[in-house]
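Reminder, nothing fancy here: chain letters follow the sequence lines and each chain counts from 1.
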2 protein chains.
Amino acid sequence: MTLELKIQPLRYVLAVVEEGSFHGAAKQLHRSQPALSMAIRDLEERLGQPLFEKSQKGQLTPYGEYCLPRFRELIKQHDRLAADLQHVALGQQGRVTLATVPSVASRLMPEFLAAFIAEYPHININLHDENAKFVCRMVANGEVDLGISSVWAQDERLSYTHLFEDNIGVVLHRDHPLANRKSLQWQELKEERFIANGTSRLLEKTAAASLVDNNDFYISNMISLIAMLEAGSGITTLPRLAFPVDNRKLCFVPLSEPKLVRQIGIIKLANRSLSPSAQALEEVILKRLTAVRS
Amino acid sequence: MTLELKIQPLRYVLAVVEEGSFHGAAKQLHRSQPALSMAIRDLEERLGQPLFEKSQKGQLTPYGEYCLPRFRELIKQHDRLAADLQHVALGQQGRVTLATVPSVASRLMPEFLAAFIAEYPHININLHDENAKFVCRMVANGEVDLGISSVWAQDERLSYTHLFEDNIGVVLHRDHPLANRKSLQWQELKEERFIANGTSRLLEKTAAASLVDNNDFYISNMISLIAMLEAGSGITTLPRLAFPVDNRKLCFVPLSEPKLVRQIGIIKLANRSLSPSAQALEEVILKRLTAVRS
DNA sequence: ATTTCAACATAAGCATAGCTTATCAAAACT
DNA sequence: AGTTTTGATAAGCTATGCTTATGTTGAAAT
């Protein structure tokens with residue numbers, strides 16, 4: 001019952017008015033002249049009033065004059081929408097939100113994001129850094145599109161795409177007797193003062209668990225932790241990525257027994273697909289990471 | 001190249017979201033379920049992104065969430081426009097402008113307009129009264145949609161639809177010796193003081209022309225003219241319709257020799273069709289006038 | 001006047017868009 | 001496990017929207 005207008009015949013009308021004739025309009029639109037005649041006649045019948053004068057060819061009726069700017073308006077709105085949706089679909093426009101653990105945020109994201117904004121300059125980016133647990137929670141709650149983190153716990157709602165492994169090692173002062181070793185076993189650390197940190201959870205339920213368990217020192221703040229270690233007041237374990245690259249006073253020695261790694265990967269909602277912008281970012285990250293490997 | 005959206009598939013998407021399933025939406029839209037599946041798949045392909053999650057049935061993707069309110073907006077605009085155009089086309093909305101000679105404006109239009117606004121309460125009306133020459137000019141200039149007047153001059157651009165004839169008669173004081181006659185010949189008026197008025201042009205080039213030609217009195221204002229005649233200061237001629245109906249002091253006696261009439265009709269632009277509102281008004285006038293006749 | 005031309009309308013035919021019914025496959029209830 | 005409910009797929013029909021070819025008409029040219 002409610003009249004349904006198609007966009008295309010409206011364009012035909014505009015073209016005819018613009019060109020002043022059906023012939024010219026047909027040429028402009030790469031259509032045959034009868035195609036326009038028929039489409040416009042159909043439109044006129046739907047509306048219940050002629051748009052063009054039957055006698056004076058190519059001339060609008062008063063009703064046509066009334067319709068014309070309104071047709072223009074609808075077409076304009078249609079085209080704006082179509083362009084916008086297409087942009088967003090292609091990931092050329094939009095917003096991505098992601099959360100990563102601090103080490104990834106500071107060591108990897110700068111490069112990833114630089115590559116990303118080079119390719120998709122009109123996408124807004126929103127980066128949070130939080131610990132692994134919070135990253136997962138933010139993804140699960142839909143607060144961010146993506147997370148990059150180690151898996152905190154099995155969660156039905158989340159999907160995990162592996163990116164790389166990050167070796168866990170001992171961080172100690174460069175003057176420490178064990179500082180020049182190629183690798184260390186946990187037993188060698190039993191007598192050291194162990195300072196736990198946010199990443200120490202990774203030792204839980206491993207052979208090295210007792211390092212953390214029987215321990216009273218815990219410093220969550222990375223700056224404080226580093227300062228403590230630089231002062232030679234103890235040792236800790238960190239994933240390699242979390243170890244500050246150009247630190248002159250500290251050494252990173254991988255643990256060989258047990259060999260520990262944290263799995264870093266992309267966390268997404270399992271039952272939800274990504275927004276086009278988020279897809280674009282994920283793609284860039286994956287491409288970038290495999291490029292570095294090879 | 002520029003993506004062309006059709007309105008209907010967008011409605012399908014809205015319905016699926018609203019109903020929460022393709023089946024429910026299909027029922028609501030009186031379509032089969034595959035019709036929706038296919039239409040929406042096609043739309044997704046055009047956009048380049050899925051709108052619904054493939055796993056979780058009837059659930060929007062983030063891209064779908066982005067699109068949904070925009071689809072709603074376009075559909076709303078489409079529907080508003082369609083309804084508006086249809087209203088205007090049916091003459092249920094709009095504006096008519098018309099110009100008539102004063103006698104028609106005061107004696108006939110009140111009834112016509114009452115009938116018109118009863119049938120089309122939402123159309124705006126704009127009524128000018130002007131002399132016949134001006135009425136024609138206003139129509140010719142497109143200042144009004146319609147005119148009701150006697151034809152002023154042959155004009156290529158104007159079309160004339162005859163409505164009725166208006167007899168011309170002599171207007172004189174009720175106490176005048178000729179006042180009780182059934183009709184008069186112009187020769188009987190030769191000795192009278194003739195006061196010309198705006199309608200005296202109608203005598204030009206008729207047998208009675210000399211009444212006007214050899215005459216120094218001319219009063220264009222109807223009120224003044226009537227007052228002059230009521231004072232017994234002369235006589236004039238008027239079309240019957242221009243003679244004030246319930247005047248107690250004056251008489252109207254038709255001219256029989258020559259028998260003179262003015263032709264009253266509808267004046268339109270010849271090469272332009274009427275707006276739907278104007279069509280509606282013309283129709284009401286014609287119907288009303290033939291109804292009165294029969 | 002007659003011809004000619006340029007415009008739109010009409011007709012016939014074809015490809016495809018958009019629908020239907022029937023059937024399948026997978027997920028969600030019972 | 002069996003049943004129901006969901007969306008996807010297939011085959012087939014019809015209407016839409018286009019094409020080319022041919023009328024028709026009114027205005028300009030001869």
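With distances taken from any side-chain atom of S37(B) to the nucleotides dC18(D), dG7(D), dA9(C), the minimum falls on dG7(D). Of the candidates dG18(C), dC18(D), dT20(C), the closest approach to any side-chain atom of A35(A) belongs to dC18(D). Between dC18(D), dC19(C), dA17(C), one nucleotide has an atom nearer to the side chain of A39(A) than all others, and that is dC18(D). Here the nucleotide nearest the side chain of S21(A), chosen from dC19(C), dC18(D), dC8(C), is dC8(C).
One atom, CE of M38(B), and another, P of dA8(D), lie 11 Å apart when rounded to the nearest Å. Counting to the nearest Å, the P atom of dA27(D) and the CG atom of N271(B) are 10 Å from each other. In this entry the distance linking CD of Q59(A) with P of dA7(C) reads 15 Å, nearest Å. Atom-to-atom, CD of Q8(B) to P of dA15(D) comes out at 16 Å; the value is rounded to the nearest Å. Note: CD1 (I7(A)) to P (dA17(C)) measures 18 Å, nearest angstrom.
Using a 3.5 Å distance cut-off with no hydrogens or angles, the side chains of Q263(A) and E165(A) do pair a donor with an acceptor. When only modelled atom types and interatomic distance are considered, Y120(A) and H122(A) share no side-chain donor-acceptor pair under 3.5 Å. Checking Q92(A) against Q86(A) by side-chain atom types alone, no donor-acceptor pair falls below 3.5 Å. Side-chain contact check for Q33(B) and S37(B): at least one donor-acceptor pair (N or O, by modelled atom type) lies under 3.5 Å.
The minimum heavy-atom distance between Q93(A) and D84(A), with the atom names listed, is OE1-OD1, 2.7 Å.
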Go through it in stages, so that I can follow the logic: the residues are I148(A) and V101(A), the test is side-chain contact (heavy atoms from CB on, under 4.5 Å), and I'd like the CA-CA distance, side-chain angles, deciding distance and then a yes or no.
CA-CA 7 Å; I148(A) 303 180; V101(A) 287; over 6 Å; no
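Looking only at side-chain heavy atoms (C-beta outward), N271(A) and R157(A) stay at 4.5 Å or farther from each other. Side-chain contact between R95(B) and S277(B) is absent, with no heavy atoms from C-beta onward closer than 4.5 Å.
A heavy-atom distance below 4.0 Å to DNA chain C is reached by these residues of residues 22-33 of chain B, ordered by number: H30(B), R31(B), S32(B). In the region residues 41-54 of chain A, proximity to DNA chain C at under 4.0 angstrom, judged on heavy atoms, holds for R41(A).
Phosphate contact (OP1/OP2 of dC19(C), side-chain N/O of Y12(B), threshold under 4.0 Å): present.
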